[in-house]
Structures are given as C-alpha cells and as structure tokens.
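Just below is one structure, and these are the notes that go with it.
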Amino acid sequence: MQREGLAPAPRGIVSKLSVIFCLLVSLGFPGNFELVYGERVGKLMEYGAFFAQILLILFSSASSWQDIELIRLDRRYAVLYLYAALMLAESMLVTAYPSEQLITCLRLLVTLLFVIWLTDKYSLDEILELFALAQGVFVLVTVLFMLRHGGLAYESGATYNRALCGLYPSKNACATELVFGIIVNVLLIRRKYRQRALTARWLALLFAQGLLLILCQATGALVTAAICVFVLLMPGKVRLPLGLIYIAVNILFLFAMLTLMPLFERTIIALGKDATLTGRIPIWNRIIEVMMEHKTLTGYGYGMFWRDSEATRLIQSVFSMRKNTFLATLTTGAHNVVLEAWLNSGLIGVAALFIAMLHSFRFVRDMEEETYRFCLTVMAFLTVNGLTERCLGGNYDYKMVAVFLAMALGCAAAPKQRALRAGPEGREAEA
C-alpha cells in the first residue's frame with residue numbers, strides 16, 4: 001500500500017528494472033568479475049547505474065519535456081541537501097585532486113537524490129521488495145561466480161581456510177553484504193506474512209543467504225546478524241532516539257578501545273586473544289596522531305584520503321618495518337566509521353553527519369511502526385559494522401543508500417507530524 005502523500009510511482013517494467021539494476025550495483029556487482037573481464041566492466045556498471053539514476057529522476061519529474069527537473073528541493077529533506085552541499089564545498093576547497101573529487105561528490109549527490117526519489121515514489125513495502133529482488137540477483141551471480149571461478153571466490157588466511165569472499169575482495173566484506181541482504185529479506189518476509197502474501201521465493205532467498213554467510217567464516221558478521229535480529233524483535237512501542245544512540249555508541253566504543261583496552265592487554269593476551277583487534281587499535285592511534293597535526297577540521301576531501309599517496313604515507317610510514325603484517329601496506333580504510341569520516345571530511349564533516357542524523361530522526365517517536373522498525377534495524381546494522389569496519393565512506397554503495405534511505409524516511413515524517421500536532425487548521429495548511 002502506498003503511503004499517503006506519495007507521488008505516483010513509475011510502474012513500467014523498464015523503470016522497475018532500472019531501479020533493481022541501480023540497487024544491484026550498490027550491493028557490489030560486478031565486483032570480482034573485474035578480475036576476469038577487466039576493470040572496464042566495473043566502470044561500465046558503475047556509470048550505467050549513475051546515469052540510470054539521473055534518467056529515472058528526470059523522466060518521472062514531469063509529464064512533459066519542458067517541465068523536467070533534476071533537483072526539486074523539498075524542505076522536508078533540507079538537512080540532507082545541506083549535508084551533501086557541505087561535503088561538496090568543503091572537499092573542493094581542500095582536495096589535491098579536484099577533478100576526481102568533483103566526480104566523487106557529484107556521485108554522492110546523485111545517490112542522495114535517487115534515494116529521496118525512491119522515498120517519494122514508492123512505499124516501504126515496494127522499496128523492500130525492490131531491494132530483495134536486487135539481492136536475489138546478487139546471490140545468483142555470486143553462486144555462478146563460485147561455480148565458474150572457484151579459485152577467485154574463496155580466500156585463505158592464518159586462521160581460516162577457503163572462506164567465501166564471493167564478488168568482494170575479502171570474506172568480511174562479503175559476509176557484511178550478506179547480513180544486510182538477510183536484514184532486508186527478514187523485514188520483507190515479516191511484512192508479507194502479516195499481509196498474508198508470503199511466497200516461497202523469499203524464504204528460499206533467505207536460506208541461500210544463510211548458507212553463503214556460513215561459508216564466509218566471518219564471526220563478526222554473525223555477531224552483527226544476531227544483534228540485528230534481536231533489535232528487529234524488540235517491541236514496536238519502544239522508541240529509541242536513533243541518531244543519539246548512533247553517535248553515543250560510536251564515540252564511547254572508540255574511547256573504551258583506546259583507553260581501557262591497553263590496561264587489560266596482558267590479561268587478554270594471556271587468554272590467547274588479540275588485544276589490538278587484529279591491528280586496528282595501532283591504526284586508530286596513528287590516525288588520531290596524524291589528524292591532530294594535519295587538516296584536523298577539514299580532512300582531505302570526501303572519499304579521497306586513501307587515494308592520496310602523500311596522505312596514506314603518513315599512516316603507513318609508522319608500520320613500514322612490520323613486513324609480516326597488513327599494517328605496512330594498509331590501503332583499505334580506517335576500519336572505523338568516525339575515523340574514516342574524520343580523515344575524509346575533518347571534524348566539520350563528522351559534526352555535519354551527526355547533526356544530520358539527529359535532525360533526521362527527531363520525529364522517531366511519531367513514525368509508523370514499520371517505518372521505525374526498518375530505520376532501527378538499518379541503523380543497528382550500520383552502527384555495529386562501523387565500529388570495526390569501513391562504513392559510510394562511499395558515494396554509491398549499499399551502506400550509503402541504506403543510511404540515506406533511513407534518514408529520508410525520518411525526514412518525510414516531519415510535515416505530517418507537525419500537521420497532526422497543529423490540529424485541523426494545521427492539517428489544512430500542510431495540505
């Protein structure tokens with residue numbers, strides 16, 4: 001059922017397939033297929049999705065060519081527009097690679113506009129189904145890749161052997177994507193079951209993702225999945241301040257790991273455990289040292305720190321003598337969402353993200369139950385994943401789509417709730 005106030009959604013099969021294609025690319029397709037068919041395939045998919053998003057927004061914005069608009073600003077989403085504009089302006093001022101920076105920020109902006117378009121055109125039920133269909137295709141091509149290119153679909157390490165990495169470069173990244181797919185799948189199954197419209201295909205997809213997740217041998221992803229399932233089963237009447245909890249958990253976790261963990265290092269080692277979180281704590285300490293001395297407020301430009309060889313060298317130089325560890329050649333991120341945001345957009349960017357979240361979820365107590373449950377589960381997933389993995393540093397990946405979608409759904413509730421509180425006269429004014 002379509003939410004009240006939504007514009008008519010484009011029902012053509014081409015529009016639906018285009019949305020599924022855009023979501024499929026955000027999930028990580030074609031991924032490791034690039035190792036077989038070359039990087040051109042990946043670029044073709046990425047830019048294909050980019051232009052497909054623009055065309056979807058353009059051709060659904062008006063009934064005639066003269067009325068077409070790419071950006072139709074809606075005051076409900078003002079905080080999201082301001083966040084994207086700030087990332088663009090600040091990044092262009094500090095970046096050492098202006099052309100690449102402009103492309104990165106424009107792709108982030110188009111992703112945001114696409115998500116707002118989805119929020120306005122489709123109901124939550126429809127969005128979940130489109131995401132689940134994209135995930136179904138992703139699982140299918142992952143299985144095909146495993147069968148056809150088995151040597152590239154698995155990886156081995158010091159503590160594991162032949163763990164599935166699928167279309168991703170590592171087993172942890174693959175497992176994280178599968179956890180997200182399972183979350184979407186479970187939310188959709190829950191909705192379909194309540195509507196008496198549940199079909200076997202969604203249960204089959206859930207089963208397939210569960211098997212693939214086990215093959216990944218990723219303990220962290222299993223813990224994340226367990227936490228998200230627990231959150232999903234929480235009573236709907238219990239409403240949590242999502243933005244505030246996200247901020248508090250991230251800050252308190254970093255504080256605890258950097259101050260309390262060293263105090264118990266000997267005890268942890270005696271128990272046979274790694275007191276550095278697989279090398280993360282030394283990296284975090286070095287990042288803090290670097291950012292306290294270089295571009296503390298502004299960072300190096302959204303999504304650009306790890307592309308800047310001079311900036312990356314500031315981190316790697318300290319670990320250059322550790323030849324037997326990944327620390328000497330680390331090029332994949334800060335493994336923490338707050339530190340990643342600090343590297344790319346400085347304290348200004350971190351503050352902007354936090355403020356945008358607080359503002360977006362200010363009406364969380366008045367959300368419809370299913371909308372709140374979706375936002376709660378997505379934010380729980382992003383919170384847990386962002387503590388020790390790279391998160392919210394991309395410009396079109398599924399994590400950015402997910403956080404923008406949750407925030408857009410939160411923003412969309414604002415005018416309706418203001419009208420309800422204002423009484424009959426206020427409702428007439430909003431209408």
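Values in this document were obtained by computation on a predicted structure and should not be read as measured data.
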Practice task
Return each pair, listed once, that meets ring-ring contact (aromatic ring centres under 6.0 Å, His included) where at least one residue sits in residues 184-225; pairs must be two or more places apart or across chains.
Solution key: none
Let me confirm one number: the [atom1]-[atom2] distance from [X] to [Y], rounded to the nearest 0.5 Å.
{"X": "Tyr122", "Y": "Ser15", "atom1": "OH", "atom2": "OG", "answer": "6.0 Å"}
{"X": "Leu102", "Y": "Met92", "atom1": "CG", "atom2": "CE", "answer": "5.0 Å"}
{"X": "Ile247", "Y": "Leu242", "atom1": "CD1", "atom2": "CG", "answer": "11.0 Å"}
{"X": "Leu128", "Y": "Ile183", "atom1": "CG", "atom2": "CD1", "answer": "11.5 Å"}
{"X": "Leu392", "Y": "Met400", "atom1": "CG", "atom2": "CE", "answer": "5.5 Å"}
{"X": "Met407", "Y": "Leu80", "atom1": "CE", "atom2": "CG", "answer": "5.0 Å"}

Could you check whether any side-chain N or O of [X] sits under 3.5 Å from a backbone N or O of [Y], counting only pairs where one atom can act as donor and the other as acceptor?
{"X": "Arg286", "Y": "Ile283", "value": "no"}
{"X": "Trp284", "Y": "Ala334", "value": "yes"}
{"X": "Thr312", "Y": "Ser309", "value": "no"}

Quick one, [X] and [Y] - any side-chain contact, counting heavy atoms below 4.5 Å?
{"X": "Phe145", "Y": "His149", "result": "yes"}
{"X": "Leu188", "Y": "Phe131", "result": "no"}
{"X": "Ile54", "Y": "Phe114", "result": "no"}
{"X": "Val364", "Y": "Met367", "result": "yes"}
{"X": "Met257", "Y": "Thr388", "result": "no"}
{"X": "Leu108", "Y": "Phe404", "result": "yes"}
{"X": "Arg373", "Y": "Glu368", "result": "no"}
{"X": "Val231", "Y": "Phe381", "result": "no"}

Handout entry: Aromatic ring pairing Tyr47/Phe50, orientation class (parallel under 30°, perpendicular over 60°, tilted between)
Key = perpendicular
What pair of heavy atoms forms the shortest contact from [X] to [Y], and how long is it?
{"X": "Lys399", "Y": "Cys391", "answer": "CD-SG, 3.8 Å"}
{"X": "Ala408", "Y": "Thr119", "answer": "CB-OG1, 3.6 Å"}
{"X": "Ser91", "Y": "Tyr302", "answer": "OG-N, 2.8 Å"}
{"X": "Leu409", "Y": "Cys375", "answer": "CB-SG, 4.1 Å"}
{"X": "Cys411", "Y": "Tyr77", "answer": "CB-CD2, 3.7 Å"}
{"X": "Val110", "Y": "Gln53", "answer": "CG1-OE1, 3.3 Å"}

Handout entry: CA sep, side-chain torsions, deciding dist, call: Phe374, Ile127, side-chain contact (heavy atoms from CB on, under 4.5 Å)
Key = CA-CA 11 Å; Phe374 170 83; Ile127 293 172; 5.7 Å; no
Between side-chain atoms of residues 29-43 and protein atoms elsewhere (two or more places apart, or another chain), which donor-acceptor pairs fall under 3.5 Å?
unit_1, atom_1, unit_2, atom_2, d
Asn32, ND2, Gly166, O, 2.9
Asn32, ND2, Tyr168, O, 2.9

Exercise for the section: Take atom CZ of Arg365 as the centre, draw a 6.0 Å sphere, and report whether it contains more than 12 heavy atoms from other residues, nucleotides or ligands. Expected result: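 No, the 6.0 Å shell around CZ holds no more than 12 heavy atoms from other groups.
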Please list every donor-acceptor pair under 3.5 Å in which a side-chain atom of residues 211-230 meets a protein atom from a residue at least two apart or in another chain.
unit_1, atom_1, unit_2, atom_2, d
Gln217, NE2, Asn161, O, 3.0
Gln217, NE2, Arg162, O, 3.3
Thr224, OG1, Gly220, O, 3.0

Exercise for the section: Quick one: which residue pairs count as a side chain to side chain donor-acceptor pair (under 3.5 Å) with a foot in residues 180-189, not counting sequence neighbours? Expected result: Asn185-Gln209
For [Y], is there an ion pair with [X] - N to carboxylate O distance below 4.0 angstrom?
{"X": "Lys295", "Y": "Glu90", "answer": "no"}
{"X": "Arg191", "Y": "Glu126", "answer": "no"}
{"X": "Lys192", "Y": "Glu129", "answer": "yes"}
{"X": "Glu340", "Y": "Arg390", "answer": "yes"}
{"X": "Glu370", "Y": "Arg190", "answer": "yes"}

Exercise for the section: Give a yes-or-no answer on whether the side chains of Tyr398 and Glu177 include a donor-acceptor pair shorter than 3.5 Å. Expected result: no
Exercise for the section: Go through the steps for Asp74 and Tyr81 under the test side-chain contact (heavy atoms from CB on, under 4.5 Å), then give the verdict. Expected result: CA-CA 9 Å; Asp74 187 326; Tyr81 299 137; 4.1 Å; yes
Problem - Intermediate values then yes/no, side-chain contact (heavy atoms from CB on, under 4.5 Å), Gln135 and Leu27 - result: CA-CA 7 Å; Gln135 181 67 11; Leu27 293 173; 3.3 Å; yes
Exercise for the section: For Pro169, enumerate each residue passing the side-chain contact (heavy atoms from CB on, under 4.5 Å) test, keeping only those at least two apart in sequence or located in another chain. Expected result: none
Problem - Non-neighbouring partners of Asn250 that pass side-chain contact (heavy atoms from CB on, under 4.5 Å), sequence neighbours left out - result: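 In terms of side-chain contact (heavy atoms from CB on, under 4.5 Å), with neighbours along the sequence ignored, Asn250 is linked to Tyr246, Val337, Val338, Thr383, Leu387.
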Practice task
Give a yes/no verdict on a cation-pi contact between Arg307 and Tyr300, requiring under 6.0 Å between NZ or CZ and the six-membered ring centre and an angle within 45° of the axis.
Solution key: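 Negative - Arg307 is either too far from the ring of Tyr300 or too far off its axis.
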Handout entry: Verdict with supporting geometry, Leu93 and Thr298, side-chain contact (heavy atoms from CB on, under 4.5 Å)
Key = CA-CA 9 Å; Leu93 288 174; Thr298 62; over 6 Å; no
